[in-house]
Amino acid sequence: MARIAPLSGFPEWLPQGRVVEQHVLDVLRHTFELHGFAGIETRAVEPLDQLLRKGETSKEVYVLSRLQDADPAGQRDRGEKQLGLHFDLTVPFARYVLENAGKLAFPFKRYQIQKVWRGERPQEGRFREFTQADIDVVGSGDLPYHYEVEVPLVMAEAFGALREIGLPPVRILVNNRKVAEGFYRGIGLSDVEGVLRQIDKLDKIGHEQVATLLVDQCGASEDQAKACLALAGISGSDTSVIAEVRALAESYGALTELLTTGLAELEALMVAAGRRAPGVVVADLKIARGLDYYTGSVYETVLVGHEQLGSVCSGGRYDTLASDGKNTYPGVGLSVGVSRLVSRLLSGGLVTATRGVPTAVLVAVATEETRPVSDAVAEALRGRGIPCEVAPAPAKFGKQIKYADRRGIPFVWFPGEPGHGPADAPATSGTALVGSVKDIRSGEQLDADATTWEPPAEDLHPRVVPGSGTGQ
RNA sequence: GUGGGUAUAGCUCAGCUGGUAGAGCAUCGCGUUGUGGUCGCGAGGGUCGCGGGUUCAAGUCCCGUUACUCACCCCA
């Protein structure tokens, strides 16, 4: 038999891990809906030319082809478009907005939680198939700035709600493209995109190397490179950063109109964030984002203590999310890397599930003849919303308890009237629902009636709780 | 796409300068025939990633290949 090896970059969790992931997804969805975002799902594939649009560099898109179709050229000749799996949720959403523009009400707020695929080399926290949870607000023609304030605050709230299960604190790092571009142009640099790309490497390769790159690759002078690094060095969680940037720009005579506009926007965001999510949103002027279509706010989110993992939630404002020639649809959005987040929560032991099965009660079986008694008990419990299952075989009770223990099932129900053998109790009689229930963690065993007994609320369903791990 | 490392039981790993495959944990059974977890005893489980080469003999040496893994690029 061929050895089964995991496919790298296509994460699969054990049931307990899935419980954690499902909880994260539930919290995200709940938070998004609390803020009025409507859920949608788009198809997994888009025409290849659509995916490669928007000046996207050679994204490693997975192309779809049928095994039987050995002639993709012939396929194109027949007018069939080549299809690729989407690598994010923004491009499909832009297409969706154009396609349904007539039926949507703008500004349109939507959330979308789906798998995406990227043909990259996998690494810790980097996958080829992973789940993203996006929120975007898209306007028709224009989109007020305050949505650039709202979107990160929604995410801050979602992350805040995950603190109780053991998620570390997050920092949402914010910058504004207008500030960066205004500043660079103000000091005489025109290759804004190139400068951003180099600045983005600051954390990894350090000041000297970035300065060298700016000079060598972006045509900057020593002095201009120094100015860029000075800007990138500014960060803070209150509005003092605004004054700091302004002072720096003035000292270089670089206070452009664009810069002024950007600073006003950034200030509005910091003021609102300071009030609604204190300490979470941090202005960080070195946040660049590689993607070139951002035009206003840009966001990255790191887990405190896990900065090496990279961003777990990124996005920004783009003036032309979509355009049909006549109308343009500006948008602002953020995307949570659910798989990246969950993989760290699990591998770092930060979070665990109390059990991997939904079952709260295992109903023991005494003999195959009396299995109907056990089935009746289970039915009564389920009728009152208590997840339970019936033991697979009338094994020794010790083995049946072990069956429950291995799965984390907290209770075992022994059918039969207290003090009597279960065989005495007819399956259809009311007394068949009487028995005793054992909490296998404490060993405590009490007489109980399946029509009234219920487990403690915290044992009814698997729960997600902080783990013992500290991460790293 | 570029460069390094690794590949032996379900898992974590030993296996020396080549000489017919090992441990711990896990699983199953028994001790304990209707109340688990501890303890003791026992059992099952491996074409040593795959293909070729050198050799009397290859898990071990050589070549190739695939997968995994780390870093770069890039990104959630």
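Here is how names work: the chains are called A, B, and so on, in the same order as the sequence lines, proteins then strands, and each is numbered from 1.
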Which pairs, protein N/O on one side and nucleotides 28-31 of chain B N/O on the other, fall under 3.5 Å?
residue, atom, partner, partner atom, Å
B:G29, OP1, A:Lys399, NZ, 2.7

What pattern of brackets, bars and dots sums up RNA chain B from 5' to 3', given Watson-Crick or G-U wobble pairs under 3.5 Å, [ ] for crossing pairs and | for another strand?
(((((((..((((.....[..)))).(((((.......))))).....(((((..]....))))))))))))....
Under 5.5 Å and under 30°: A:Phe130 stacked on B:A76
yes
With a cut-off of less than 4.0 Å, is there a side-chain N or O of A:Ser8 near OP1 or OP2 of B:U69?
yes
Under 4.0 Å between any heavy atoms, over every strand shown, what does A:Gly125 touch: base, sugar-phosphate, or nothing? Just pick one.
base
With RNA chain B as reference, determine whether A:Ser311 or A:Gly9 sits nearer its 5' end, using the nearest nucleotide of each.
A:Gly9
Is any N or O donor-acceptor pair between the side chain of A:Arg126 and the base of B:C74 shorter than 3.5 Å?
yes
For residues 432-459 of chain A, the ring-ring contact (aromatic ring centres under 6.0 Å, His included) pairs (sequence neighbours left out) are A:Phe411-A:Trp453, A:Trp413-A:Trp453
Give A:Gln445 one of three labels, base, sugar-phosphate or nothing, depending on what nucleic acid heavy atoms sit under 4.0 Å from its own.
base
Kindly indicate whether the side chain of A:Asp405 and the base of B:G37 share any N or O donor-acceptor pair separated by less than 3.5 Å?
no
When you check the gap from the basic side-chain N to the acidic O, do A:Arg177 and A:Asp319 get nearer than 4.0 Å?
no
Mind checking A:Phe414 for me? I need base, sugar-phosphate or nothing, with any heavy atom below 4.0 Å counting as a touch.
base
Atom CD1 of A:Ile440 to atom P of B:U38: distance rounded to whole Å?
13 Å
When A:Val338 and A:Pro122 are each assigned the nearest nucleotide of RNA chain B, the 5'-most assignment goes to A:Pro122
For B:U35, take OP1 and OP2 only and decide whether either is under 4.0 Å from a side-chain N or O of A:Gln400.
no
Under a plain distance cut-off of 3.5 Å, with no hydrogens placed, do A:Thr31 and A:Glu157 share a side-chain donor-acceptor pair?
no
